[in-house]
> 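Below are the structure tokens for one structure; questions will follow.
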Amino acid sequence: MAERIKPRTLKGFRDYLPQAMLAREQLIDTAREVFRRYGFAPIDTPALEYLEILTGKGGEETDKQLYKFQDHGGRWVGLRFDLTVPLARFAAQHFQQLGTPLKRYHIAPVWRGENTQRGRYREFLQCDFDTLGSESLTADIETVLVIHDLLRALGLEEFTIRVNNRRVLNGWLELLGLKDQATAVLRALDKLAKVGPEKVIQEMIQRTGATPHQAQEVLRLAQIQGPTDQVLRQAAELLSCSELGTQGVEELSQLVRAAQVAGVPPQRLCVDLSIARGLDYYTGTVYETFLVPLPQIGSVCSGGRYDNLVELYSPEHLPGVGASLGLDRLLAAMEELGLLPQGATPAQVLLVHFQTQDLEHYLQVASALRAQGVNVDLFPEPKRLEKQLKYADRRGFRFALILGPDELEQGCCQLKDLQQRSSRQFPLDELEQLAQFILQQCSQGVGAPSGKRL
RNA sequence: GUGGCUGUAGCUCAACUGGUUAGAGCGCCAGACUGUGGAUCUGGAGGUUGGGGGUUCGAGUCCCCUCAGCCACCCCA
């Protein structure tokens, strides 16, 4: 034997074991359901794009994190960094066939060559939903509602959606004469929650050439806190001389009011005038979502309005708004909080293999149950009953179905409820009943078997 | 990409200031027990101590490089 190859995976890239993958798929299914409930339709795009498509917008930082290389034909290509830029390209290319508004969701991996940490990987799944071709605030409002419904549907209760509006910030920077350094100023501002006001001011002065007074003034707006109404009123006063800023404040207050009317509790939605977002392409509303018990892990769902992005690829004006759920980050958080389902099998029933001479009976019963929608795992070999039950127990099966010689003789089967530690008999000629019973039992207490909710 | 901490069996961790053949629990496989699961007992498999190089009579332990994980910066899902 030649030298063995060491099995390993690249930094920031991971394998997913069945238990992890079951949880992942459950989240994906939930996200898909919520997106569809709002009328978003699925699309997909290639992982690899021409480099020029990807480097168009986003900022120098994103360019640095881009995986890029020359393909066999010498073309410069890159792995997509997010799903928004590919969407802009996609829209520019296809909107004439699709028409507007274009509401799409896209669940797919993206790649960023940055340093790893908990909840930060080089390959991770994003679940994006966006509305293109509408400037209406309705789309911004629905974006909040989707984020809210999405997290609720995933079993999360304690989270805060923080919203801001780039117009508010830009209007203020205009008044302060900092318009030209907007990107750098906003980048410094974005760190407010993390490093505190002194360091933000320091960075603004050093990196953007702002005067101490200007920097102070930026923070005067961003640090407004308190009840949403009050924050908005104070912001409106500060920005009364700015048309852009006033418009931004107006949009924000409409957004918040509408979201509350639609059922988003006030404690889950707050206006935070320091939220800036690093990506250059945002123009209006911006969103970030934090889990109350786990703020360090960062935003699990962010996005915003980008009215000019598609113009990089098309002469057509196609404004857009949307957000992205960071599924892998969320999964890391939920794992830490013990909110993930524990089972390692998608099947509800383990069909015990007693003796191979009865295999045909097993196969018939399994088929009948599967035809009714029950997931059945037939044990492949006649191991000791104890072993098979232990296997079922360890893997997290809810039921074991025993069909031994005694049962066959009596024309019945024994259904063991491994959770309740009980068992009952069912006649073999009425397997629909058995199937109904199993499905009914399993549908009670849906979601995480742990029963925990955040 | 920069800096810090860490890296021993599938998992969680032991192994005095460098000292003989690297141990335990859990898990896995098998048996006690060819018909009843979170129990007990017995046995077994599983390690070139992340990988490579160096210092030394001798390295899991010290040094360098590399890979990976975590943390901070940066940025972000």
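Chain identifiers are assigned alphabetically (A, B, ...) following the order of the sequence lines, protein sequences preceding nucleic acid strands; residue numbering begins at 1 within each chain.
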> Quick check for you: among B:G69, B:G27, B:C75, whose closest atom lies nearest to any side-chain atom of A:Gln65?
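Of all the options, the side chain of A:Gln65 is nearest to B:C75.
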
> Does a distance-only test, which skips hydrogens and angles, find a donor-acceptor pair under 3.5 Å between the side chain of A:Arg112 and the base of B:C76?
no

> Please measure how far the C1' atom in B:C62 lies from the corresponding atom in B:U49, and state the result in whole Å.
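So the two C1' atoms sit 15 Å from each other.
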
> On a heavy-atom basis, which atom in A:Leu156 and which in A:Met334 lie closest, and how many Å separate them?
CD2-CG, 4.5 Å

> B:G38, B:C71, B:G1: which one has an atom nearest the side-chain heavy atoms of A:Asn115?
B:G1

> Rounding to the closest angstrom, what is the interatomic distance between B:A22 and B:G47 at atom P?
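Comparing P positions in B:A22 and B:G47 gives a spacing of 13 Å.
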
> Report yes if a side-chain nitrogen or oxygen of A:Lys383 is closer than 4.0 Å to either non-bridging phosphate oxygen (OP1 or OP2) of B:U34; otherwise report no.
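Result: no.
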
> Nearest to the side chain of A:Lys191, which nucleotide is it out of B:A68, B:C75, B:C76?
B:C75

> Do A:Gln414 and B:U36 have a side chain to base donor-acceptor pair shorter than 3.5 Å?
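Donor-acceptor pair under 3.5 Å: yes.
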
> Quantified in whole Å, what is the P atom distance between nucleotide B:A14 and nucleotide B:U6?
13 Å

> For A:Gly113 and for A:Leu330, find the nucleotide of RNA chain B with the closest heavy atom, then tell me which residue's nucleotide is more 5'.
A:Gly113

> B:C41 and B:G46: how far apart are their P atoms, nearest whole angstrom?
24 Å

> Among the candidates B:C76, B:G37, B:C71, find the nucleotide nearest to the side-chain atoms of A:Arg118.
B:C71

> Among B:A77, B:G35, B:C74, which nucleotide has an atom closest to any side-chain atom of A:Leu385?
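Selected nucleotide: B:G35.
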
> If we call it a pair only when both distances are under 3.5 Å in a Watson-Crick or G-U wobble match, what pairs with B:U55?
none

> Mind checking the P distance from B:A24 to B:U42? Whole angstroms is fine.
13 Å

> Under 3.5 Å, is there an N or O donor on one side and an acceptor on the other linking the side chain of A:Arg421 and the base of B:G38?
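When only heavy-atom distances are counted, A:Arg421 does reach the base of B:G38 through a donor-acceptor pair under 3.5 Å.
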
> Using a 6.0 Å cut-off, check whether atom NZ of A:Lys199 has over 12 heavy atoms from anything other than its own residue.
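12 or below, so no.
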
> Remember a base hit wins even if backbone is also touched, and classify A:Pro382 as base, sugar-phosphate or nothing at under 4.0 Å, heavy atoms.
nothing

> If we count only N and O atoms by modelled type, under 3.5 Å, do the side chains of A:Asp29 and A:Gln26 hold a donor and an acceptor together?
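Checked: A:Asp29/A:Gln26 side chains show no N/O donor-acceptor pair below 3.5 Å.
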
> Any stacking of A:Phe124 on B:A77, going by centres under 5.5 angstrom and planes within less than 30 degrees?
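Stacking is present between B:A77 and A:Phe124, given that their ring centres fall under 5.5 Å apart and the planes under 30°.
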
> Of A:Cys301 and A:Lys11, whose nearest nucleotide on RNA chain B comes first from the 5' end?
A:Lys11

> For A:Phe354, which contact category applies under a 4.0 Å heavy-atom criterion: base, sugar-phosphate, or nothing?
base

> Which nucleotide wins on minimum distance to the side chain of A:Glu114, given the candidates B:C71, B:G37, B:A77?
B:A77

> For B:U2, which nucleotide is its Watson-Crick or G-U wobble mate, given both distances must be under 3.5 Å?
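Its partner is B:A72.
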
> When you measure from the side chain of A:Glu407, which nucleotide among B:G31, B:C73, B:G35 comes out closest?
B:G35

> Picking from B:U36, B:A68, B:A77, which would you name as closest to the side chain of A:Tyr121?
B:A77

> NA contact type, A:Leu325, heavy-atom cut-off 4.0 Å: base, sugar-phosphate, or nothing?
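It contacts nothing in the nucleic acid.
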
> B:U8 and B:G69: how far apart are their P atoms, nearest whole angstrom?
14 Å

> Could you give the distance separating B:C28 and B:C65 at their C1' atoms, to the nearest angstrom?
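Per the computed distance, 36 Å lies between those C1' atoms.
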
> Measure the shortest side-chain to side-chain distance between A:His148 and A:Phe159 over non-hydrogen atoms and say whether it is less than 4.5 angstrom.
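When only atoms from C-beta onward are counted, A:Phe159 and A:His148 do touch, with a gap below 4.5 Å.
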
> Using atom C1' in both nucleotides, what's the gap between B:G18 and B:U12 to the nearest angstrom?
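Each nucleotide's C1' atom is 26 Å from the other's.
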
> Whether the A:Asp128 and A:Ser324 side chains hold a donor-acceptor pair (N or O, under 3.5 Å, no angle test) is what I'd like checked.
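Note: A:Asp128 and A:Ser324 side chains meet the donor-acceptor criterion.
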
> Would you check if there is a donor-acceptor pair between the side chains of A:Ser299 and A:Ser302 at a distance under 3.5 Å?
yes

> When you measure from the side-chain N and O atoms of A:Arg384 to the phosphate of B:A30, is any distance below 4.0 Å, counting only OP1 and OP2?
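For A:Arg384, the contact criterion (side-chain N or O under 4.0 Å from OP1 or OP2 of B:A30) is not met.
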
> Contact class for A:Gly12 (heavy atom, under 4.0 Å): base, sugar-phosphate, or nothing?
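Sugar-phosphate, backbone atoms only, no base.
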
> Would you confirm whether the ring centroid of A:Phe437 sits within less than 6.0 angstrom of the ring centroid of A:Phe426?
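Judged by ring-centre distance (under 6.0 Å), A:Phe426 and A:Phe437 do meet the cut-off.
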
> Counting side-chain heavy atoms from C-beta on, which of B:A72, B:C28, B:G37 comes nearest to A:Glu386?
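From the listed options, B:G37 comes nearest.
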
> When you check the side-chain N and O atoms of A:Asp71 and A:Tyr50, is any donor under 3.5 Å from an acceptor?
no

> So for atom CD, which belongs to A:Gln420, do other residues, nucleotides or ligands contribute more than 12 heavy atoms lying within a distance under 6.0 Å?
yes

> Where along residues 16-25 of chain A does a heavy atom fall under 4.0 Å from RNA chain B?
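RNA chain B contact set from residues 16-25 of chain A: none.
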
> Ignoring hydrogens and geometry beyond distance, is a side-chain donor-acceptor pair present between A:Tyr105 and A:Asp130 at under 3.5 Å?
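There is no such pair (donor and acceptor under 3.5 Å, judged by atom type) between the side chains of A:Tyr105 and A:Asp130.
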
> Given B:G69, is OP1 or OP2 found less than 4.0 Å from the side-chain N or O atoms of A:Thr116?
yes

> Across the strands shown, which category fits A:Gly404 at heavy-atom distances under 4.0 angstrom: base, sugar-phosphate, nothing?
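Contact class for A:Gly404: base.
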
> When you measure from the side chain of A:Ser302, which nucleotide among B:A77, B:G37, B:G35 comes out closest?
B:A77

> Contact class for A:Asp82 (heavy atom, under 4.0 Å): base, sugar-phosphate, or nothing?
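The answer is nothing, as A:Asp82 stays clear of every strand by at least 4.0 Å.
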
